[in-house]
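Data first, discussion second: the structure below is written as structure tokens.
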2 protein chains.
Amino acid sequence: MAKMEREIRLDAAAARLKAAGLRPTRQRLELARLLFAAHDRHVTAESLAEEGARAGVKVSLATVYNTLHQFQAAGLLRQVVVDASRTYFDTNVGDHQHFFLENEGLLIDIPGEEISISGVPAAPLGMSVDRVDVVVRVRRQ
Amino acid sequence: MAKMEREIRLDAAAARLKAAGLRPTRQRLELARLLFAAHDRHVTAESLAEEGARAGVKVSLATVYNTLHQFQAAGLLRQVVVDASRTYFDTNVGDHQHFFLENEGLLIDIPGEEISISGVPAAPLGMSVDRVDVVVRVRRQ
DNA sequence: CAACGCGCTTAGAACAATTCTAATCTATGA
DNA sequence: TCATAGATTAGAATTGTTCTAAGCGCGTTG
């Protein structure tokens, strides 16, 4: 007998959490289900909380913040800093960069293979490169 | 008779403000003098206010914020977004990129000629590229 | 030179995003 | 089933930034 789409997603979410060593609580499962429904989503705590509310998921804002940070620590999400006023989390943790639409506060992925950066000088003494972020800021018109 | 270093800097600051169409008030002059003492400084509102306080300049925090934004609008400063929790302003408005030392929250310039980025896809329809920011995140060890 | 007006500065309040707190709940392993 | 470590929660607290409204001062005009 066929499983409902929602159940399949919850199973997948449970597997992800298990792999990350996070207890599969109701809230984490529901948030994971929302987050990983598509593989290149860009959310803020606020937007995810709102999305959850619309979907009838009962989760406090504090838990959304906690969960986003835990998922990030577990490598399921990546934080993207492009705007001084809000923090974005990206469900695509692979090698890629971003367009940032400054007018609408929207992020769009640029596949890692497309962009190439050369001539990055060596990191200062005693430091090692953690990541190279490229943000292409675009605006309407 | 030779002018004091401080006076020379204030004159230079006055010239900058005049060119930018900003009234040369005491606060703006003093902040400009501090900011443009070196040509590649990275400050936050907080750090600049503190620096001013140490230097005996009497300026409110609100004015520091106002001034930083006005200088930015006038093209004397550039805002750099690297850290979700604070906003940096850079006195170097030329073409360049940054190292960001994540441990100490410090920025170091990378000259624009050193780095080259290729393969940036065309901006989404109806959008134009405003700027391409590269942040090389490094950490100790 | 006096007076005016507009822009500037200010302290403190307000705000928004995020984190903390401490009480309550729940998944899990014995 | 029970105990417990860990998770969730509402609401308070914190932090960085912006707003507000009152007073000040720079440059101009009469």
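Computed from heavy atoms alone, side chains included, the values below leave out hydrogens, waters and symmetry copies.
Nearest to the side chain of B:Arg86, among D:dG16, C:dA11, C:dT26, sits D:dG16. Out of C:dT18, D:dG16, C:dT10, the shortest distance to the side chain of B:Arg26 is found at C:dT10. In this structure, of C:dA27, C:dC8, C:dA17, it is C:dC8 that holds the atom nearest to the side chain of B:Arg28. Residue A:Ala62 places its side chain closer to D:dA10 than to any other of C:dT10, C:dC8, D:dA10. Nearest to the side-chain atoms of A:Gln27 among the listed nucleotides D:dT8, C:dT28, C:dT18 stands D:dT8.
Note: OH (A:Tyr88) to C1' (C:dA17) measures 13 Å, nearest angstrom. Regarding A:Leu17, its CG atom lies at a distance of 13 Å from the P atom of C:dA27, rounded to whole Å. B:Glu30 places its CD atom 16 Å from the C1' atom of C:dC8, with the value rounded to the nearest Å. Per the geometry, CG belonging to B:Leu22 stands 15 Å off C1' belonging to C:dC6, to the nearest Å. As a whole-Å value, the separation of B:Lys58 NZ from C:dC8 P is 18 Å. We find that CG of B:Leu48 is positioned 15 Å from P of D:dG16, with the value rounded to whole Å. Across the protein-nucleic acid pair, B:Leu29 atom CG and C:dT9 atom C1' stand 14 Å apart, rounded to whole Å. In this structure, A:Gln79 atom CD and C:dA17 atom P are separated by 15 Å, rounded to whole Å.
Nearest heavy-atom pair, B:Val129 versus B:Ala123, reported as atom, atom and distance to 0.1 Å: CG2-CB, 4.1 Å. Here the shortest heavy-atom pairing between B:Gly75 and B:Val93 reads O-CG1, 3.5 Å.
For the OP1/OP2 pair of C:dT19 and a distance below 4.0 Å, the side-chain nitrogens and oxygens of A:His69 include at least one atom meeting the criterion. Remark: A:Thr25 is not in phosphate contact with D:dG6, judged by side-chain N or O atoms under 4.0 Å from OP1 or OP2. Contact check, A:Ser85 against D:dT17: no side-chain N or O comes under 4.0 Å of OP1 or OP2. In terms of phosphate contacts, B:Gln70 brings no side-chain nitrogen or oxygen within less than 4.0 Å of OP1 or OP2 of C:dG7. Look at A:Tyr65 and you'll find a side-chain N or O under 4.0 angstrom from OP1 or OP2 of C:dT18.
Of the two residues contacting DNA chain C, namely A:Leu61 and B:Asn66, the nearest-nucleotide position lying further toward the 5' end is that of B:Asn66. With the nearest nucleotide of DNA chain D identified for both A:Ser60 and B:Ala45, A:Ser60 has the one nearer the 5' end. With DNA chain D read from its 5' end, the first of the two nearest nucleotides for B:Arg23 and A:Ala84 is the one closest to A:Ala84.
A donor-acceptor pair shorter than 3.5 Å cannot be found between the side chains of A:His42 and A:Asn92. B:Asp90 and B:His96 form a side-chain donor-acceptor contact under 3.5 Å, judged by distance and modelled atom types alone.
Heavy atoms of A:Thr63 sit under 4.0 angstrom from at least one base atom. Within 4.0 Å of B:Thr44, counting heavy atoms only, lies no atom of the nucleic acid at all.
Geometrically, B:Arg16 engages B:Phe36 in a cation-pi contact defined by less than 6.0 Å to the ring centre and at most 45° from the axis.
Between B:Glu51 and B:Arg41 there is a salt bridge, with a side-chain nitrogen of the basic residue lying less than 4.0 Å from a carboxylate oxygen of the acidic one.
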